[in-house]
Asker: 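One structure is given below, represented as structure tokens, and several questions about it will come after.
No experiment lies behind these values; they were computed from the predicted model shown. First listed ligand is number 1; within each ligand, the first listed atom is number 1.
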Amino acid sequence: MTTADPLVARLAEVVGPTQVLDDPGSCAAFETDWTGRWQGRARAVVRPADTAEVAAVVTACADQGAAIVPQGGNTGLVGGSVPRDGEVVVSLTRLDDLGPVGVDAREVTVGAGATLAAVQEHAAAAGLAYGVDLAARDSATIGGTIATDAGGIRVVRYGATRAQVRRLEVVLADGRIVEGGVGDGGGPSGEPADLGSVIGSEGTLALITSARLRLLQPPRHRAVALLAVSDVAAALRAQEVIVRVAGPLEASELVQAEGLRRVVQGTGQRPPFAVTPPAAVLVEVAGADPVADRLVAAVGAAAEGDPGVLDALVGVDAADRTRLWQLREAHTEALAAAGPVVKLDVVVPLAALAGFVDGLPAIVRGAGGESCEVVVFGHLGVGDLHVNLLGVPTPWVTAVEDAVCAAVVAAGGRPDGEHGVGVQKRAWVPRSRSADEVAAMRATARAFDPAGLLNPGVRLPD
Ligand code: FAD
Ligand code: 2HG
Ligand code: ZN
């Protein structure tokens, strides 16, 4: 700590001087997002140790009218986790307590700063599992995943993060601590506060300090298949047949040739197929009894009479399953290694998905991205797609983003998917939601945070 800023001095009294950073070198990692695209200076970075310290930090900021950016693992991809204009960054990563697992109630209470991986391992040690998983699991925090309502690779089976949260403890914008249930996870009736709107609010309504999470009985057997397909329409047909024959899927993920090539190059893994297919769909089936035969039968049924299914691999033992999953999970890292990436996480209705993906290269070219590489992958089961664009000339980034978002809306979808609105999609909120819906969002924000101190510039349009 180096400054004479009186707010920073007060924050140091609350959390101790070593937990307040204000020199550029120490703040840098908290000021730039995972993609490197969004960055800004923080007035200071504060790292409280517990809920009481978070409340005292927020009270001190509120007294001075100082804006706050809550931050977890800083793996967000829409610019919402880093400062824009001298806000105080409140990093929640030290709130990483893992409470005892309630085996009978199938739940656990954890600090907002616990990583997803830590919670998964903690649940597994008690014979249970947590229903959310994503490739950033080692850094992404429970607080961040709740604040974004993260989806992830199990979303088709267990729903997004909202479906896993029973109770929240939060610190409001004026420093008060509130505990409450969320929706039907709130326990006995007479629950005083429903904090459901905090889920997915991207740090704009409250700082999440801890959460009681629903856990589940993990399936004992798993099998994974990667089907090479001619296009997205064939991927969707295959998914439909596999669900019909094998039952509900644990995961159903789409990748394309360009992404597969980048992943193979980046990981050094052998190409999965002799000829890289235009697209592939990864499906996982799980159950209490062995599931391999069921999956093999389902893959056979999908291929039978459908020339769009070109080839298939099935992985049953853990090493094979991991290898197949790596081909999907390594996309973000492999693309990041190739240079700056323009990322758009969008949701498109399944009926419009194939047409949307097929039309994307022309849309991107038409908006100034003539020499761009278009890579689409994502959560096929729920129509949440990650449009990654390599080589977009800087002056054309906004035009290209707008063209893709406009195509999403025209297809009946939403330009903000599981990653949230952040800074990136703010302008698209009124173009993809009704005026009444936007008014309701504003009213909720005003009720929680009348002075507008929590993550200003994120989520809500000006
Ligand atoms: P941060 O990035 O720190 O913050 C994200 C947002 O939440 C910000 O607006 C921030 O202000 C707010 N916030 C953070 N903590 C709190 C808190 N305690 N209280 C209030 N607000 C808070 N996302 C998916 O949905 N699905 C995926 O499959 C997925 N895969 C990914 C894979 C990789 C390799 C990477 C890099 C990212 C991926 N993401 C995915 C995006 C990201 O991991 C998620 O958005 C995640 O939920 C962010 O968690 P975090 O702790 O890093 O939050
Ligand atoms: C995933 O599903 C993540 O892997 C990241 O949501 C998506 O990198 C991306 O665009
Ligand atoms: Zn995703």
Asker: Would you tell me which option among Glu329, His419, Glu202 has the nearest heavy-atom contact to atom 9 (O) of ligand 1?
Answerer: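 Among Glu329, His419, Glu202, the closest heavy atom to atom 9 (O) of ligand 1 comes from Glu202.
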Asker: So which protein heavy atom does atom 24 (C) of ligand 1 come closest to, and at what separation?
Answerer: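 The answer is Glu418 CD, 3.4 Å.
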Asker: Write out the residue and atom name of the closest protein heavy atom to atom 50 (P) of ligand 1, then the distance separating them to 0.1 Å.
Answerer: Gly73 N, 3.4 Å
Asker: Determine whether Thr109 and Glu169 satisfy the following criterion, side-chain contact (heavy atoms from CB on, under 4.5 Å), listing intermediate values before the conclusion.
Answerer: CA-CA 10 Å; Thr109 298; Glu169 178 193 71; over 6 Å; no
Asker: Is there a side-chain contact between Val429 and Leu460, using heavy atoms and a 4.5 Å cut-off?
Answerer: no
Asker: Hey, which atoms in ligand 1 end up nearer than 4.0 Å to a heavy atom of Gly80?
Answerer: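 So the atoms of ligand 1 that pass are 8 (C), 9 (O), 10 (C), 11 (O).
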Asker: Return all protein N, O or S atoms below 2.8 Å from the Zn ion (ligand 3), chain by chain in residue order.
Answerer: His379 NE2, His386 NE2, Glu418 OE2
Asker: Go through ligand 1 atom by atom and flag the ones less than 4.0 Å from a non-hydrogen atom of Gly203.
Answerer: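 With Gly203 as reference, the close atoms of ligand 1 come out as 20 (C), 21 (N).
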Asker: Relative to atom 53 (O) of ligand 1, which among Ala336, Gly151, Gly144 owns the nearest non-hydrogen atom?
Answerer: Gly144
Asker: Mind checking whether Leu134 has an N or O less than 3.5 Å away from an N or O of ligand 1?
Answerer: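 For ligand 1, there is no N or O atom that lies under 3.5 Å from one belonging to Leu134.
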Asker: To check your reading of the model: name the closest protein heavy atom to atom 33 (C) of ligand 1, its residue, and the distance in Å.
Answerer: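 Here the nearest protein heavy atom works out to Ala136 CB, 3.6 Å.
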Asker: Salt bridge check: are Glu284 and Arg154 linked by an N-O gap of less than 4.0 Å?
Answerer: yes
Asker: Before accepting this row, confirm whether a basic side-chain N of the pair Arg37/Glu401 lies closer than 4.0 Å to the acidic partner's carboxylate O.
Answerer: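 Salt bridge present between Arg37 and Glu401.
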Asker: Does any part of the side chain of Leu213, heavy atoms only, come nearer than 4.5 Å to the side chain of Val165, both counted from C-beta?
Answerer: yes
Asker: Do you know which of Asp22, Val15, Ile68 makes side-chain contact (heavy atoms from CB on, under 4.5 Å) with Val46?
Answerer: Val15
Asker: Closer than 4.0 angstrom, basic N to acidic O: yes or no for Arg167 and Glu107?
Answerer: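 Salt bridge: no.
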Asker: So, Asp96 side chain and Gly113 main chain: donor-acceptor pair closer than 3.5 Å or not?
Answerer: no
Asker: Taking all non-hydrogen atoms of both residues, which atom of Val171 and which atom of Ala55 are closest, and how far apart?
Answerer: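 Scanning both residues completely, I find the closest heavy atoms to be CG1-CA, 3.8 Å.
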Asker: Between Asn74 and Ser81, is any pair of side-chain heavy atoms under 4.5 Å apart?
Answerer: yes
Asker: I need the atoms of ligand 1 closer than 4.0 Å to a non-hydrogen atom of Leu92, numbered in the order shown.
Answerer: 18 (N)
Asker: How does Ile208 reach ligand 1, by side chain, by backbone, by both or by neither, if only non-hydrogen atoms under 4.0 Å count?
Answerer: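 Contact part for Ile208 vs ligand 1: both backbone and side chain.
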Asker: Would you check if Leu98 and Val119 make a side-chain contact, meaning some heavy-atom pair closer than 4.5 Å?
Answerer: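 Yes - at least one pair of side-chain heavy atoms lies under 4.5 Å apart.
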Asker: Is the contact between Ile146 and ligand 1 made by the side chain, the backbone, both, or neither, using heavy atoms and a 4.0 Å cut-off?
Answerer: neither
Asker: Using a strict cut-off of 4.0 Å, indicate which atoms of ligand 1 neighbour a heavy atom of Gly152.
Answerer: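 In order of number, 26 (N), 27 (C), 28 (O).
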Asker: Identify the protein heavy atom lying closest to atom 11 (O) of ligand 1, giving its residue, its atom name and the separation to 0.1 Å.
Answerer: Pro70 O, 2.6 Å
Asker: Minimum distance, heavy atoms only, to atom 5 (C) of ligand 1: which one of Val82, Thr148, Ile153 is it?
Answerer: Thr148
Asker: If you take all heavy atoms of Ala367 and Ala403, which pair is closest and at what distance?
Answerer: CB-CB, 3.6 Å
Asker: Just which atoms of ligand 1 are under 4.0 Å from any heavy atom in Thr141?
Answerer: 50 (P), 51 (O)
Asker: Check whether any side-chain heavy atom of Arg137 sits under 4.5 Å from a side-chain heavy atom of Ile153, and report yes or no.
Answerer: yes
Asker: Any idea which atoms of ligand 1 are less than 4.0 Å away from a heavy-atom of Leu207?
Answerer: 19 (N), 20 (C)
Asker: Counting heavy atoms only, which part of Glu329 comes closer than 4.0 Å to ligand 2: side chain, backbone, both or neither?
Answerer: neither
Asker: Relative to the heavy atoms of Ala147, which atoms of ligand 1 are at a distance of less than 4.0 Å?
Answerer: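 Here the atoms of ligand 1 in question are 7 (O), 12 (C), 13 (N), 21 (N), 22 (C).
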Asker: In the protein, what heavy atom is nearest to atom 4 (O) of ligand 1, and what distance, to one decimal place, separates them?
Answerer: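 Answer for atom 4 (O) of ligand 1: Ser81 CB, 3.5 Å.
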Asker: Select one of side chain, backbone, both or neither to describe which atoms of Ala206 lie under 4.0 Å from any atom of ligand 1, heavy atoms only.
Answerer: backbone
Asker: Between Thr204 and Asn455, do the side chains contain a donor N or O and an acceptor N or O under 3.5 Å apart?
Answerer: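 Distance-only check fails for Asn455 and Thr204.
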Asker: When you check the gap from the basic side-chain N to the acidic O, do Arg433 and Asp416 get nearer than 4.0 Å?
Answerer: yes
Asker: Which ligand 2 atoms, with their elements, are less than 4.0 angstrom from a heavy-atom of His379?
Answerer: 2 (O)
Asker: For a quick test of reading the model, state the closest non-hydrogen atom pair linking Ala62 to Leu453 and the distance between them.
Answerer: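 Here Ala62 and Leu453 meet closest at CA-CD1, 3.8 Å.
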Asker: Which heavy atom of the protein is the closest neighbour of atom 2 (O) of ligand 1, given with residue, atom name and distance?
Answerer: Gly76 N, 2.7 Å
Asker: Select one of side chain, backbone, both or neither to describe which atoms of Thr332 lie under 4.0 Å from any atom of ligand 1, heavy atoms only.
Answerer: side chain
Asker: Between His331 and Gln256, is there a side-chain donor-acceptor contact under 3.5 Å, judged purely by atom types and distance?
Answerer: no
Asker: Do you know which two heavy atoms are closest between Val421 and Val78, and how far apart they sit?
Answerer: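 Answer, listing the atom of Val421 first, then Val78: O-CB, 3.9 Å.
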Asker: Indicate yes or no: at least one non-hydrogen side-chain atom of Pro272 is less than 4.5 angstrom from one of Val264.
Answerer: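 Heavy-atom side-chain distance check passes, below 4.5 Å.
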Asker: Between Thr145 and ligand 1, which part of the residue brings a heavy atom under 4.0 Å of the ligand: side chain, backbone, both or neither?
Answerer: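 The part of Thr145 near ligand 1 is both the backbone and the side chain.
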Asker: Name the option, out of Arg328, Glu253, Glu418, that contains the heavy atom nearest to atom 1 (C) of ligand 2.
Answerer: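 Result: the heavy atom closest to atom 1 (C) of ligand 2 is in Arg328.
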Asker: Report the nearest protein non-hydrogen atom to atom 6 (O) of ligand 2: residue, atom name, distance rounded to 0.1 Å.
Answerer: His419 NE2, 2.6 Å
Asker: Would Gln71 count as being in polar contact with ligand 1, using the rule that some N or O on each side must be under 3.5 angstrom apart?
Answerer: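 Gln71 vs ligand 1: no N/O contact under 3.5 Å.
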Asker: Within the 4.0 Å heavy-atom shell around Thr332, which atoms of ligand 2 are there?
Answerer: 4 (O), 5 (C), 7 (C), 8 (O), 9 (C)
Asker: With backbone taken as N, CA, C and O and side chain as the heavy atoms from C-beta onward, which portion of Asn388 lies under 4.0 Å from ligand 2: side chain, backbone, both, or neither?
Answerer: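 The part of Asn388 near ligand 2 is the side chain, not the backbone.
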Asker: Among Glu333, His331, Lys343, which one has a heavy atom closest to atom 9 (C) of ligand 2?
Answerer: Lys343
Asker: Does the structure place the NZ or CZ of Arg431 under 6.0 Å from the centre of the six-membered ring of Trp428, at an angle of no more than 45° from the ring's axis?
Answerer: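 Yes.
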Asker: Hey, is ligand 1 close enough to Val458 that some N/O pair sits below 3.5 Å?
Answerer: no
Asker: Using distance alone, determine whether Thr75 and ligand 1 share an N or O pair under 3.5 Å.
Answerer: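 Yes, Thr75 has an N/O under 3.5 Å of an N/O on ligand 1.
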Asker: Grab the two heavy atoms, one from Pro430 and one from Ala427, that are nearest each other, plus how far apart they are.
Answerer: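 Looking at all heavy atoms of both residues, the closest pair is CD-O, 3.5 Å.
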Asker: Could you check if a side-chain atom of Val404 sits within less than 4.5 angstrom of a side-chain atom of Val364, using non-hydrogen atoms only?
Answerer: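 They are in side-chain contact.
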Asker: At a non-hydrogen distance cut-off of under 4.0 Å, which region of His379 contacts ligand 1 (side chain, backbone, both, or neither)?
Answerer: side chain
Asker: Return the minimal non-hydrogen interatomic distance between Ile146 and Ala211, and the atom names on each side.
Answerer: CD1-CB, 3.5 Å
Asker: Which atoms of ligand 1 are found less than 4.0 Å from any heavy atom of Asn455?
Answerer: 9 (O), 11 (O)
